[in-house]
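Down below is the structure, laid out as structure tokens.
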Amino acid sequence: MKLNKSVTSIVDSIQPRDCQNLTQKVLLTFLKSDKEFITRSSMRIPNVVSRVRDLRKPEFGGFTVQCMRGERNSKGGYSTSYRLDPQSVTLDRVKMAFASVIEARQAA
């Protein structure tokens with residue numbers, strides 16, 4: 001995903017182990033991915049559907065996340081992919097979503 005320099009500097013400084021909740025891990029996965037759509041199964045994060053839903057809420061940044069249902073799989077279900085709309089990724093939203101990580105780093 002193409003990000004502006006300010007957002008990139010924040011994202012590059014955060015590692016998955018720095019994240020304090022699963023919603024932050026899902027957002028970090030989106031922001032660090034070079035793919036437009038990411039499959040639900042490739043994220044390997046518990047309750048990923050709920051965490052994606054959280055990203056849409058104002059208290060987690062109010063990001064725009066699009067969902068795409070893919071092909072029917074061998075078990076009869078569908079593969080699901082998600083896309084974080086790059087236009088919804090702003091410096092303020094990223095800072096809000098990672099506030100606890102940023103504060104913990106400054107306190108150390």
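Just so it is clear, the model here is predicted, and its values are computed rather than measured. In what follows, residues are counted from 1 in the order of the sequence shown.
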For Phe60, what are the other residues in its hydrophobic cluster, where any two members join if their side-chain heavy atoms are less than 4.5 angstrom apart? none

Filter on salt bridge (Lys or Arg N to Asp or Glu O under 4.0 Å), then keep only pairs touching residues 88-99, sequence neighbours left out; what's left? none

Side chain proximity check, Val89 to Phe30, heavy atoms < 4.5 angstrom: no

List in chain and number order the residues that pass salt bridge (charged side-chain N to carboxylate O under 4.0 Å, His left out) with Lys35, two or more places apart in sequence or in another chain; answer none if no residue qualifies. none

Of all heavy-atom pairs linking Leu28 and Pro16, the shortest is CD2-N, 3.6 Å

Can you see which heavy atom on Arg105 is nearest to which on Ser13, and at what distance? NH1-OG, 3.1 Å

Listed by chain and number, what are the side-chain hydrogen bond (donor to acceptor under 3.5 Å, both in side chains) partners of Thr90, not counting sequence neighbours? none

Say whether Thr29 and Arg44, considering side chains only, have a donor N or O and an acceptor N or O under 3.5 Å apart. no

Any side-chain heavy-atom pair of Ile10 and Leu91 under 4.5 Å: yes

Distance-only check: which donor-acceptor pairs under 3.5 Å involve side-chain atoms of residues 76-84, not counting sequence neighbours?
from: Tyr78; atom 1: OH; to: Arg72; atom 2: NH2; distance (Å): 2.9
from: Arg83; atom 1: NE; to: Glu36; atom 2: OE2; distance (Å): 2.9
from: Arg83; atom 1: NH1; to: Gln66; atom 2: OE1; distance (Å): 2.7

Would a distance-only check, ignoring hydrogens and angles, find a side-chain to backbone donor-acceptor pair under 3.5 Å from Asn47 to Ser50? no

When clusters are formed from ILVMFWY side-chain contacts under 4.5 Å, directly or step by step, what else is grouped with Met96? none

Is any side-chain heavy atom of Thr64 less than 4.5 Å from a side-chain heavy atom of Gln87? no

Going by the rule side-chain hydrogen bond (donor to acceptor under 3.5 Å, both in side chains), which residues pair with Thr39 if we only count those two or more places apart in sequence or in a different chain? Ser42

Residue pairs involving residues 52-62 (criterion salt bridge (Lys or Arg N to Asp or Glu O under 4.0 Å); sequence neighbours excluded): Arg51-Asp54, Asp54-Lys57

Which residue pairs pass the salt bridge (Lys or Arg N to Asp or Glu O under 4.0 Å) test when at least one of the two sits in residues 8-23, sequence neighbours left out? none

Side chains of Gln20 and Glu103 in contact at under 4.5 Å (non-hydrogen atoms): no

Look only at the side chain of Ser88 and the backbone of Phe63, and say whether a donor-acceptor pair between them is shorter than 3.5 Å. no

